[in-house]
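What you see is a predicted model, and the numbers here were worked out from it, not measured in a lab. Only this structure's heavy atoms are used, side chains among them; waters, hydrogens and symmetry mates stay out. In what follows, chains are A, B, ... by sequence order, proteins preceding strands, each numbered from 1.
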Amino acid sequence: MKISDQHADFFERVYEIVRLIPKGRVTNYGSIAIALGTPKSSRMVGWAMNAAHGKHDVPAHRVVNRNGMLTGKMHFATPTKMQELLEAEGIIIVDDQIQHFSSHFWDVTENLLNDLS
DNA sequence: AGCTTGACTTTGA
DNA sequence: GTCAAAGCCAAGC
């Protein structure tokens, strides 16, 4: 399914993007929201992640808030699961904060341009 | 139909 | 730089 498919459910479009995040990289809710064409619904992206449980192919742990903080860690199976997954991908986390966040950041819209071409 | 709730972001002080 | 307040909008009740 194409991300540009406006007929798809909101959640499905979110999942589609999250699945594109490369291993070892992270992005924030706002970028995903922008990619969806609804920049103001960044909170909804988080809501979608809530429903992403059970979607084993949706790496929700690679989505953090704009400060690189693991705000959603408490919604995982265990509060430490998110950090463990990220660290397993080579990302360093201290006090729920991703270190060198800007260098790990993956711009969604950048990849979308590629995808839509 | 209306009201509440957020895994957020932006803005203004 | 920090902090509080407001805006956002889909889902659930």
Side-chain angles (χ1 to χ4, degrees):
Chain A
M1 165 178 47
K2 279 299 211 177
I3 293 169
S4 55
D5 185 359
Q6 298 297 314
H7 297 293
D9 290 342
F10 186 89
F11 286 1
E12 288 301 324
R13 307 225 306 284
V14 174
Y15 301 155
E16 187 68 22
I17 290 174
V18 175
R19 274 190 279 254
L20 295 177
I21 303 174
K23 181 182 178 184
R25 306 295 294 282
V26 293
T27 190
N28 61 34
Y29 303 94
S31 294
I32 295 175
I34 292 172
L36 289 174
T38 55
K40 309 296 178 55
S41 46
S42 52
R43 308 181 78 167
M44 300 306 99
V45 177
W47 187 280
M49 291 297 97
N50 232 351
H53 284 291
K55 305 269 185 186
H56 56 83
D57 57 341
V58 179
H61 60 282
R62 297 183 188 143
V63 184
V64 298
N65 75 352
R66 75 180 191 111
N67 298 314
M69 197 186 325
L70 309 191
T71 51
K73 58 176 294 189
M74 62 285 285
H75 293 277
F76 280 75
T78 66
T80 57
K81 188 67 176 174
M82 187 176 189
Q83 178 171 340
E84 290 172 5
L85 288 171
L86 288 172
E87 289 181 331
E89 297 182 357
I91 295 178
I92 300 172
I93 300 169
V94 177
D95 194 28
D96 296 345
Q97 184 78 32
I98 294 177
Q99 303 302 297
H100 312 294
F101 178 57
S102 58
S103 62
H104 287 296
F105 182 73
W106 182 80
D107 191 341
V108 177
T109 57
E110 207 173 277
N111 187 275
L112 270 188
L113 293 177
N114 217 0
D115 180 67
L116 297 176
S117 61

(request) Measure the shortest side-chain to side-chain distance between A:Val18 and A:Met49 over non-hydrogen atoms and say whether it is less than 4.5 angstrom. (result) yes
(message) Has A:Gln99 got a side-chain atom pairing as donor or acceptor with A:Gln97's backbone, closer than 3.5 angstrom?
(response) yes
(message) Closer than 3.5 angstrom, by distance alone: can the side chain of A:His75 be matched with the main-chain N or O of A:His53 as a donor-acceptor pair?
(response) no
(request) Could you tell me whether the side chain of A:Ser31 and the main chain of A:Asp107 form a donor-acceptor pair under 3.5 Å? (result) no
(request) Give the rounded distance in Å between these two atoms: CZ of A:Phe11 and C1' of C:dG12. (result) 11 Å
(message) For the backbone of A:Pro22 and the side chain of A:Glu89, can you confirm whether one donor and one acceptor N or O come within less than 3.5 Å of each other?
(response) no
(request) Both distances under 3.5 Å, Watson-Crick or G-U wobble: report the partner of C:dC3, or none. (result) B:dG12
(message) Can you tell me which nucleotide in B:dG6, B:dC8, C:dA11 comes closest to the side chain of A:Met44?
(response) B:dG6
(message) By the 4.0 Å heavy-atom rule, please label A:Ala60 as base, sugar-phosphate, or nothing.
(response) base
(message) Need one value for A:Asn50: base, sugar-phosphate or nothing, where a base atom within 4.0 Å counts as base even if backbone is also close, heavy atoms only.
(response) base
(request) Measure the distance from NE2 on A:His75 to P on B:dC8 and round it to the nearest whole Å. (result) 7 Å
(request) Measure the distance from CE on A:Met49 to C1' on C:dA11 and round it to the nearest whole Å. (result) 15 Å
(message) In whole Å, I'd like the distance from the CD1 atom of A:Ile21 to the C1' atom of B:dA7.
(response) 13 Å
(request) Check the distance between B:dG6's C1' and A:Lys73's NZ and give it to me in whole angstrom. (result) 19 Å
(request) Round to a whole Å and report the spacing from CG of A:Asp96 to C1' of B:dA7. (result) 13 Å
(message) Can you identify which nucleotide, out of C:dC9, B:dT9, C:dA10, has its nearest atom closest to the A:Phe10 side chain?
(response) C:dA10
(message) Does C:dC9 have its OP1 or OP2 closer than 4.0 Å to a side-chain nitrogen or oxygen of A:Thr38?
(response) no
(request) To the nearest Å, give me how far apart CH2 (A:Trp47) and P (B:dT4) are. (result) 15 Å
(request) Using a 4.5 Å cut-off on heavy atoms from C-beta on, say whether the side chain of A:Asp96 contacts that of A:Lys73. (result) yes
(message) Using a strict threshold of under 4.0 Å (side-chain N to carboxylate O), is an ion pair present between A:Arg19 and A:Glu16?
(response) yes
(message) Just to be sure I understand the rule, does A:His53 reach a base, reach only the sugar-phosphate, or reach nothing, if contact means heavy atoms closer than 4.0 Å?
(response) base
(request) Name the pairing partner of C:dC8, where a pair is Watson-Crick or G-U wobble with both distances under 3.5 Å, or state none. (result) none
Contacts under 3.5 Å, N or O only, protein and nucleotides 2-7 of chain C:
residue : atom : partner : partner atom : Å
C:dG7   : O6   : A:Arg43 : NH1          : 2.9

(request) Rounded to the nearest angstrom, tell me the gap between atom CZ in A:Arg66 and atom P in B:dT11. (result) 10 Å
